[in-house]
Asks: 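Quick one: the structure is below, and I'll ask about it shortly.
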Amino acid sequence: MQTAADAGDAAARLAAVPAGHRVALVDPRFVGHVHALRLGLTDPRFPAAAVPGALTAQPEARGALMRALRRATAAVGAGAPVAGPDADAAPEDRTVPGRIAVALEAEGTAVKRPELGSLTAAVPTDAGARAAAESARDQVDDEAVRLRSAVKAHDGFFTTYGISPYSRYIARWCARRGLTPNQVTTASLITALIAAGAAATGTRGGYVAAGILLLVSFVLDCTDGQLARYSLQYSTMGAWLDATFDRAKEYAYYAGLAIGAVRGGDDVWTLALGAMVLQACRHVVDFSFNEANHDAVANTSPTAALSDKLDSVGWTVWARRMIVLPIGERWAMIAVLTALTTPRVVFYALLVGCSLAACYTTAGRLLRSLTRKARRTDRAARALADLADSGPLAQGVAAVAPGLRGGFTAPVVALLGTLVMIGAALFLPYGSWLTVAAAAVYALLSGLAVARPLKGALDWLVPPFFRAGEYVTILVLAARSDVPHAVPAAFGLVSAVAYHHYDTVYRIRGGTGAPPQWLVRTIGGHEGRTALVAVLAAVLTHTSGFTTALTALAAAVALVVLVESIRFWVSSSAPAVHDEGELA
């Protein structure tokens with residue numbers, strides 16, 4: 001830390017700092033909480049940030065900071081309040097840091113101004129104001145605020161009342177010992193994998209241990225996010241780990257339960273894969289709807305207004321959050337049922353509970369979409385097209401086919417293609433080449449569905465229909481094959497593809513766009529993979545080669561997707577955003 005004599009000296013000192021470092025300006029008269037400064041000056045997610053009396057700039061914003069500081073040097077000296085034209089400005093904008101922040105914004109550099117709540121951050125100009133600021137600072141426990149703000153504002157009932165009251169203290173314990181969120185995330189994954197291994201033993205003792213360990217893993221899963229918020233340790237690697245490990249843990253646990261059940265003489269692999277497919281489809285409904293409305297304008301939905309009114313009644317908030325069976329409630333249910341019952345009961349409960357939750361959330365989103373008067377943006381249409389995951393076949397059709405007109409045409413066509421594909425897989429003789437013909441129809445209709453920008457009121461349903469078409473087809477064909485280990489192989493394939501789809505979601509959320517087109521083309525797109533599985537079922541009917549082919553396809557998709565995903569998330573272009581997560 002260095003003290004500058006005036007604004008010109010500050011500019012010179014900042015210029016001497018190596019280019020790759022963050023810099024900060026703090027008014028020497030600043031009075032406030034340490035955590036207020038921490039929020040304003042140490043969060044790595046924003047190029048520039050400010051609180052009253054303090055401003056910081058990451059390397060990418062330092063050029064703009066230096067230009068603004070040099071322009072202000074002649075007008076401001078030693079951080080004194082600016083008189084003249086700026087006299088009507090807010091007090092914090094009449095200091096050197098405040099003036100520079102305003103200049104940065106005028107130049108086009110976004111300056112994050114974090115909400116301080118009860119925290120104090122002020123630049124008093126006289127003794128009375130200083131005494132008032134110091135009194136306000138002393139009346140608020142800085143550490144209590146920091147600890148409380150480490151917990152997500154909106155979470156499920158079980159997480160809020162069953163985990164967060166003590167996990168926040170675990171997060172502080174980790175912070176004081178230098179542990180990072182990534183280390184805690186990894187510990188959560190390892191614990192969940194051990195739980196899956198315990199479930200795979202197929203013994204009552206193993207099931208009890210698995211249930212306990214799954215809850216411990218969830219505690220750690222909550223702790224890593226709280227640690228990130230407590231210590232403001234957000235990172236690109238953390239975003240990738242947090243975005244993917246939850247699904248890896250849950251699906252690995254499903255596999256462990258299925259293995260344990262088989263050891264006990266009960267093959268529940270089809271139920272396990274069904275639970276995974278249902279959960280993945282639930283998520284894509286959430287993701288697709290949110291992306292479609294991420295930047296929608298003129299939101300006038302009466303359904304949304306009713307939801308806001310219900311949120312004003314305390315108990316309805318928790319009831320509605322519990323109905324959607326968020327991750328806390330879901331994992332608690334899985335843990336308890338694992339310890340007390342059988343894997344088959346666990347999967348039945350998951351299928352019933354998640355089905356009801358899916359019906360509730362999807363119905364609400366349909367009502368909002370049909371009753372809101374909103375114009376979809378190009379950004380939303382692009383996100384939906386990326387989430388559709390169209391491969392060469394669908395893209396080729398979309399390139400030559402005329403766009404179908406009509407507000408609901410795209411989702412209707414996508415639904416029709418999905419029903420044709422799933423219906424063929426379910427009802428045609430297994431291994432029939434008519435199923436391959438149905439896959440060709442599916443590819444054709446998939447291309448027609450995305451031939452025009454997805455800006456319709458219900459176009460956010462297109463990606464979920466495609467996910468259901470692909471995942472359910474793989475599930476049905478593997479289950480009907482009567483080939484040993486075909487369903488576990490299909491489980492691996494759907495897991496690899498689902499990872500790709502989650503990876504796409506979190507890249508879009510980070511503002512970096514979808515995975516590169518070469519990756520989508522290489523792994524075939526949803527319609528290409530669906531058609532390939534249909535061909536494999538026809539060529540390798542009732543032979544062990546079907547299992548081998550599914551396993552090889554799963555390995556190939558996983559290898560390509562993971563290599564590209566890891567390359568991206570550890571690169572400098574990855575977003576430094578710690579995922580706050582979905583309730584579901």
Side-chain angles (χ1 to χ4, degrees), residues 193 195-203 206-207 210 248 250-280 338 341-348 350-351 421-436 438-439 468-499 523-524 529-559 561:
L193 294 179
T201 63
T203 65
Y207 290 150
E250 187 165 4
Y251 299 158
Y253 192 82
Y254 290 178
L257 282 175
I259 294 171
V262 169
R263 287 188 170 181
D266 186 15
D267 189 344
V268 297
W269 271 109
T270 300
L271 294 177
L273 180 51
M276 183 171 71
V277 167
L278 178 57
Q279 189 60 28
T338 298
T341 63
T342 65
R344 181 172 290 273
V345 172
V346 173
F347 288 125
Y348 280 151
L350 274 171
L351 289 168
M421 189 66 253
I422 295 176
L426 275 171
F427 301 115
L428 289 176
Y430 177 78
S432 170
W433 283 94
L434 289 176
T435 305
V436 178
E470 179 181 5
Y471 295 170
V472 175
T473 297
I474 295 173
L475 165 62
V476 171
L477 291 178
R480 294 188 65 195
S481 68
D482 291 328
V483 176
H485 311 302
V487 179
F491 189 97
L493 176 57
V494 173
S495 297
V497 175
Y499 176 88
I523 61 177
R529 291 185 298 269
T530 304
L532 178 57
V533 173
V535 170
L536 292 174
V539 173
L540 304 171
T541 305
H542 301 304
T543 69
S544 60
F546 186 55
T547 297
T548 303
L550 288 180
T551 303
L553 180 58
V557 171
L559 178 63
V561 168

Asks: To check you understand the geometry: which heavy-atom pair defines the closest contact between Ala272 and Ala258, and what is its length?
Replies: CB-CB, 4.1 Å
Asks: For the OG1 atom of Thr435 and the OH atom of Tyr430, what is their distance to the nearest 0.5 Å?
Replies: 9.5 Å
Asks: Just how far is it from atom OH of Tyr254 to atom CE of Met276, taken to the nearest 0.5 Å?
Replies: 9.5 Å
Asks: Walk me through it: do Thr547 and Leu550 pass the test side chain to side chain contact (heavy atoms under 4.5 Å, CB included)?
Replies: CA-CA 5 Å; Thr547 297; Leu550 288 180; 5.9 Å; no
Asks: Atom OG1 in Thr548, atom CG in Leu553: separation rounded to 0.5 Å?
Replies: 12.5 Å
Asks: Mind checking the CG-CG spacing from Leu271 to Leu475? Nearest 0.5 Å is all I need.
Replies: 9.5 Å
Asks: Looking only at heavy atoms, which two atoms of Ala195 and Ala210 are closest? And how far apart?
Replies: O-CB, 3.3 Å
Asks: Would you check if the side chain of Arg529 reaches a backbone N or O of Glu470 as a donor-acceptor pair within less than 3.5 Å?
Replies: no
Asks: Please name the pair of heavy atoms, one in Val268 and one in Pro343, separated by the smallest distance, quoted to 0.1 Å.
Replies: CG2-CB, 4.4 Å
Asks: Test of understanding: with side chain to side chain contact (heavy atoms under 4.5 Å, CB included), list the residues that count as partners of Ala531, not counting sequence neighbours.
Replies: Ala439
Asks: To check you understand the geometry: which heavy-atom pair defines the closest contact between Val557 and Ala496, and what is its length?
Replies: CG1-CB, 4.0 Å
Asks: Pair Thr543, Leu540 - check side chain to side chain contact (heavy atoms under 4.5 Å, CB included), show working.
Replies: CA-CA 6 Å; Thr543 69; Leu540 304 171; 3.6 Å; yes
Asks: Taking atom CG of Asp482 and atom CZ of Phe546, what is their separation to the nearest 0.5 Å?
Replies: 11.0 Å
Asks: Check whether His542 reaches the backbone of Ser481 with its side chain - one donor and one acceptor, N or O, closer than 3.5 Å.
Replies: yes
Asks: Does Phe491 have any ring pair (Phe, Tyr, Trp, His ring centres under 6.0 Å) partners at least two apart in sequence or in another chain, and if so, which?
Replies: Trp269
Asks: For Thr201 versus Gly206, what's the shortest heavy-atom pair and its separation?
Replies: OG1-CA, 3.5 Å
Asks: Identify the two heavy atoms, one from Val483 and one from Ser544, that lie closest to each other, and give their separation to 0.1 Å.
Replies: CG1-CA, 3.7 Å
Asks: Within a strict 4.5 Å, meaning less than it, do heavy atoms of the Thr338 and Tyr253 side chains meet?
Replies: yes
Asks: If you round to the nearest 0.5 Å, how far is OG1 of Thr541 from CG of Leu477?
Replies: 10.0 Å
Asks: Any non-hydrogen side-chain atom of Val497 less than 4.5 Å from a side-chain atom of Tyr471?
Replies: yes
Asks: Should Ile422 and Thr473 be marked as a side chain to side chain contact (heavy atoms under 4.5 Å, CB included) after you check the CA-CA gap, both sets of side-chain angles, and the distance that decides it?
Replies: CA-CA 5 Å; Ile422 295 176; Thr473 297; 4.1 Å; yes
Asks: Could you tell me whether a side-chain N or O of Arg480 sits under 3.5 Å from a main-chain N or O of Leu426, the two making a donor and an acceptor?
Replies: yes
Asks: With side chain to side chain contact (heavy atoms under 4.5 Å, CB included) as the criterion, how do Leu278 and Leu350 come out once you've worked through the C-alpha distance, each side chain's angles and the decisive distance to 0.1 Å?
Replies: CA-CA 9 Å; Leu278 178 57; Leu350 274 171; over 6 Å; no
